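If you're wondering where the values come from, they're calculated on a predicted model, not measured in any experiment.
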Amino acid sequence: MKVALFGASGATGKLLTQRCLAAGFDVTALLRAPETFPHRELIHAIQGSAFDPAPVSQTIEGADVVLSALGANSLRKEDVLERAVPQIIAAMQQTSTQPKPVRRIIVLGSAGALPTSLDKQPAWRRWIVQNIVYNTFLKWPVASQISQWNNLSRSGLDWTMVMPPMLTNTPAHGHYRIDGDALPPNGSRISREDVADFMMQQIESPKWIRKGVYITW
């Protein structure tokens, strides 16, 4: 299995890298600074930016699946997903005429990406999360996730967007709730380890292709 990985140097990306290597996968990762990456000797490192078409195309070349853990590093307006996801999609679409097109992409998203995400929450919690969290504190990261959803849903690729609420750096529970329609009731957090494990499961599973899936404890 050949995996193209974006966002490998982030907290969730490092977990995905570890899991891919443990599974014996051949990993190619796009990195701004390969020399600082802890697993650089075990992967194929492409130096460059996800905003640049050339290294993005080089990263996905020959891949069986693309994994992305890209996202904002702060609450400011960064436009990481707005700029990077279209580049990744375009590079994948350009392989459509090749003998082995690159069609499968699994991305880390957010529970705030869709207006229906809070439909299963109690009314009081729905109001607080939507108005205070999504519309205020997480305004720009949520806007980026909305952009990622819109770009993927129009791409024609075999995409899956995994949409957790707040991510923690605590150990995995090994069990969690998933829902294709909305965030499960009172779902508020989940560990990055559980999310990474679930994303890895999607590599071989067709269940959530061309869909988003919410995941929470």
Side-chain angles (χ1 to χ4, degrees), residues 1-32 34 37-71 80-81 83-109 145 148-149 151-164 172 178 180 192-213 215:
M1 176 74 68
K2 184 173 182 180
V3 176
L5 182 56
F6 295 89
S9 59
T12 306
K14 288 176 182 175
L15 296 174
L16 290 171
T17 303
Q18 293 167 3
R19 282 154 175 74
C20 286
L21 293 173
F25 296 165
D26 184 356
V27 178
T28 299
L30 180 58
L31 300 163
R32 285 186 178 274
F37 191 66
H39 304 289
R40 60 187 176 278
E41 296 179 356
L42 301 176
I43 65 167
H44 304 284
I46 306 296
Q47 185 169 18
S49 166
F51 307 150
D52 186 348
V56 169
S57 294
Q58 190 178 356
T59 301
I60 71 162
E61 184 178 355
D64 296 296
V65 61
V66 176
L67 295 177
S68 173
L70 291 170
V80 172
L81 296 178
R83 298 172 63 190
V85 174
Q87 297 290 355
I88 297 169
I89 289 172
M92 294 177 69
Q93 290 170 334
Q94 288 167 9
T95 70
S96 62
T97 58
Q98 296 178 3
K100 181 186 173 184
V102 184
R103 294 194 48 81
R104 186 74 171 109
I105 178 169
I106 302 158
V107 307
L108 174 63
Q145 293 294 345
Q148 175 168 242
W149 172 275
N151 282 311
L152 287 169
S153 62
R154 293 191 297 257
S155 69
L157 299 172
D158 295 334
W159 58 274
T160 298
M161 185 161 162
V162 178
M163 302 188 292
I178 60 173
R192 294 179 186 277
E193 295 214 2
D194 277 325
V195 171
D197 288 339
F198 183 74
M199 290 179 70
M200 292 296 295
Q201 293 169 24
Q202 305 321 301
I203 293 176
E204 302 287 355
S205 172
K207 183 173 182 179
W208 299 106
I209 287 180
R210 299 195 179 186
K211 297 177 182 177
V213 53
I215 178 171

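Of all non-hydrogen atoms in A29 and A8, the two that sit nearest each other are CB-CB, 3.9 Å. Pairing each heavy atom of F198 with each of I178, the nearest pair is CE1-CG2, 4.0 Å. In terms of heavy atoms, V195 sits closest to P164 at CG2-CB, 4.0 Å. Across G62 and V102, no two heavy atoms sit closer than the pair N-CG2, 4.4 Å.
Applying side-chain contact (heavy atoms from CB on, under 4.5 Å) to T12 and the options L67, L108, L70, T17 leaves one that passes, L108. Just one of V66, I46, I88 meets the side-chain contact (heavy atoms from CB on, under 4.5 Å) condition when paired with V56; it is I88.
Separation of atoms CD1 (I209) and CD1 (I105) is listed at 12.5 Å; rounding is to 0.5 Å. Rounding to the nearest 0.5 Å places CD of Q47 at 11.5 Å from CG of D52. In this structure, CD1 in I43 is found 8.0 Å from OG1 in T28, a value given to the nearest 0.5 Å. Going from atom CD1 of I106 over to atom CH2 of W208 covers 13.5 Å, rounded to the nearest 0.5 Å. Here C20 contributes atom SG and M200 contributes atom CE; the two are 4.0 Å apart, rounded to the nearest 0.5 Å. Taken to the nearest 0.5 Å, the CG atom of L16 stands 12.5 Å off from the NZ atom of K14.
Two residues are said to be in side-chain contact when any heavy atoms from C-beta on lie closer than 4.5 Å; L157 and L152 fail this criterion. Side-chain contact check for F6 versus I60: some heavy-atom pair is nearer than 4.5 Å. By the 4.5 Å heavy-atom criterion applied to side chains, Q87 and S57 are not counted as neighbours.
Side-chain contact check for Q58 and E61: no donor-acceptor pair (N or O, by modelled atom type) lies under 3.5 Å. There is a side-chain donor-acceptor pair under 3.5 Å between T160 and R104.
Panel note: side chain Q93, backbone S155; a donor-acceptor pair is recorded below 3.5 Å. No side-chain donor-acceptor contact under 3.5 Å links Q145 to the backbone of L81. A donor-acceptor contact shorter than 3.5 Å is absent between the side chain of R32 and the backbone of A50. No side-chain donor-acceptor contact under 3.5 Å links D194 to the backbone of A172.
Under the ring pair (Phe, Tyr, Trp, His ring centres under 6.0 Å) criterion, H44 pairs with no residue, sequence neighbours left out.
Sorted by first then second residue, the salt bridge (Lys or Arg N to Asp or Glu O under 4.0 Å) pairs that include residues 195-213, not counting sequence neighbours, are R19-D197, D158-R210.
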- [ ] Test D64 against K100 for side chain to side chain contact (heavy atoms under 4.5 Å, CB included), laying out the working first.
- [x] CA-CA 9 Å; D64 296 296; K100 181 186 173 184; 2.9 Å; yes
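Around CD of Q98, the count of heavy atoms belonging to other residues, nucleotides or ligands within 6.0 Å exceeds 12.
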